[in-house]
Protein chains: 2
Amino acid sequence: MRDITCAELPSVVRVGHATDNQGLTGCTAIVFPKGAVCGHAVAGVATGSRELPTTTPRHSVERIHGVVFCGGSAFGLAAADGVMRELEAVGIGHQTGKGLVPIVPAAVVYDLHIGDPTARPDAAMGAAAAREALGGGAAHLRGNVGAGIGVSAGKLLGPERATKTGIGQAGVIKGDLVVAALAVVNPVGEVHHMEDGRLLAGVRQSATSNRLVAAREILQQRLHQDPLHHNTTLAVVATTAKLSRTEACWIAEQSTVALARHIEPPFTRHDGDVLFAASVGDEAVELHFLAMLVREALGWALTDACLAAKDLGGLPACGSLEVP
Amino acid sequence: MRDITCAELPSVVRVGHATDNQGLTGCTAIVFPKGAVCGHAVAGVATGSRELPTTTPRHSVERIHGVVFCGGSAFGLAAADGVMRELEAVGIGHQTGKGLVPIVPAAVVYDLHIGDPTARPDAAMGAAAAREALGGGAAHLRGNVGAGIGVSAGKLLGPERATKTGIGQAGVIKGDLVVAALAVVNPVGEVHHMEDGRLLAGVRQSATSNRLVAAREILQQRLHQDPLHHNTTLAVVATTAKLSRTEACWIAEQSTVALARHIEPPFTRHDGDVLFAASVGDEAVELHFLAMLVREALGWALTDACLAAKDLGGLPACGSLEVP
């Protein structure tokens with residue numbers, strides 16, 4: 001599954017990144033040139049978001065045109081302004097009486113405790129990410145890129161003892177059915193390998209140690225209060241399966257299972273997890289079968305986000321940890 | 001009630017506007033310098049929004065720091081970026097491990113069919129509105145100002161037959177209990193006077209006529225399809241009553257009653273109505289009594305939004321209509 005990315009869906013899903021390698025923040029634009037029928041689920045409660053009501057069955061506009069994942073906490077929502085402008089410029093959006101309005105929900109991760117806390121993605125970075133997406137060619141990237149540049153896992157005892165993570169991708173192809181998951185992995189909790197459950201990223205024994213401590217041991221102690229605030233796993237699962245918005249919302253709810261299974265503790269009160277499910281095709285698929293593929297694809301994307309990350313900002317990534 | 005505005009709450013509610021008098025768009029920042037416990041209700045389904053999940057009981061941050069109402073359809077959400085930056089600069093926001101993050105939900109109106117459709121509020125306009133709010137002195141304004149500059153009512157037969165509306169304010173003071181409602185009134189439907197039900201703003205007989213046609217007559221015909229898209233009534237009701245977030249959400253739901261009673265047709269599928277209820281004090285008040293005051297205050301604010309508007313952009317306001 002780990003070799004499948006959004007690059008498998010070039011005509012209907014485009015991905016671009018803008019990365020501030022000095023400030024250690026960035027944003028990632030997932031663009032649907034032909035629109036997508038999309039639902040979302042909020043798993044964590046500490047969200048920072050734009051336009052979430054557009055990915056519910058209740059909203060009057062049936063298709064969205066992209067999703068933006070941003071660093072910079074709620075300040076990073078500015079990146080969506082730039083994505084909207086770029087999509088409008090190339091004729092992608094919802095037709096209104098006076099012009100196109102691109103529908104672009106967005107969600108943020110808190111990455112201020114790595115790099116420069118005053119560096120946040122802005123509209124210009126959003127525009128750059130959208131241009132890269134529209135140009136093609138970046139949909140296969142993962143690791144320390146875009147919204148993944150400043151993310152980490154395992155902050156139960158403070159951000160300085162976390163493990164570096166990044167953006168992960170995974171998916172599955174079965175004939176004309178494609179499921180592609182992209183995740184930005186920045187949880188309070190630790191991340192376990194999809195296949196064998198081994199710990200890939202979590203709390204280190206000290207700020208200078210490369211050895212992990214299991215979250216289940218830490219959770220029995222008093223937690224570090226302050227830096228728990230604002231963490232998040234964001235994901236979009238794009239599929240060629242035909243879905244209504246109600247079905248897409250259910251598939252998004254099902255995708256939270258991957259977080260529940262592979263992150264410990266999952267979606268705490270300090271996580272603002274938002275998961276999108278986007279239908280970009282017309283394949284008839286049994287919903288429970290699709291849900292299984294989505295759970296597996298996102299589970300592998302979480303694993304990939306750990307394995308693809310590199311050491312950065314004083315935090316070691318998976319490959320630099322000592323094997324327990 | 002019509003002589004009461006947010007200016008009655010100077011230490012806890014500040015209001016500022018940025019108005020593009022050429023492009024006929026703008027934004028309005030309502031700032032809570034000491035924070036507010038806030039709930040929201042979505043009455044129309046065609047919303048454009050930021051950060052709505054922060055005004056639900058589920059969200060981890062208990063207080064918000066402002067609300068932004070924006071013209072420019074979803075493009076106008078950029079104004080909230082500027083409001084956030086200004087609030088951060090003066091030390092208003094949610095304390096995180098690495099600095100303040102102001103929590104600033106936002107919602108938009110569609111005003112592209114008046115003035116220049118390419119003119120939309122941006123971060124600079126949001127910042128200007130926030131500075132005016134923080135400086136005080138603008139909280140009494142109503143009519144053609146801020147997010148109210150490009151709004152109108154009565155678009156069942158197209159925007160060119162609408163009536164100009166604007167921002168309205170109204171409220172009530174009973175000892176230490178203050179209820180202040182501010183509304184940006186841009187519905188598909190027509191608006192009726194709070195007191196006697198007479199028609200204040202609605203569909204005119206033609207683009208050059210100043211005589212109104214009742215919506216109930218129009219609704220029996222086939223409607224003009226295109227320009228129905230994207231209309232909205234936005235409101236915030238601020239009160240010194242002490243409310244939990246669950247109670248604030250219920251009060252926001254109750255405020256939708258004012259739209260139901262005084263707008264015809266109310267919250268259509270082409271309206272994106274978002275209503276906020278903000279608790280900025282500690283007064284103990286019976287909730288149903290408070291809800292009654294809120295319904296009345298918002299009803300009067302809708303009336304005020306019609307009476308305070310002036311002719312603009314080819315659309316006559318209430319004072320220029322022929323009395324039927």
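Within every chain, numbering begins at 1; the chains are lettered A, B, ... in the order of the sequence lines, protein sequences first and strands thereafter.
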So, the part of Val104(A) with a heavy atom under 4.5 Å from chain B: the answer is neither

Scored by heavy-atom pairs under 4.5 Å with chain B, the best of Gly48(A), Ser49(A), Gly82(A), Pro117(A) is Ser49(A)

- Is there a donor-acceptor contact under 3.5 Å from the side chain of Arg204(A) to the main chain of Ala162(A)? yes

The interface call for Leu100(A) against chain B, heavy-atom contacts under 4.5 Å, is backbone

| said: Strictly distance-based, threshold 3.5 Å: is any side-chain N or O of Asp271(A) a donor or acceptor partner for the main-chain N or O of Val188(A)? | reply: yes

> Do the side chain of Thr96(A) and the main chain of Lys98(A) share a donor and acceptor less than 3.5 angstrom apart?
Replying inline: yes

Cationic N near anionic O, under 4.0 Å, Asp81(B) to Arg50(B) = yes

From the list Asp122(B), Thr56(B), Val42(B), the residue making the most non-hydrogen contacts under 4.5 Å with chain A is Val42(B)

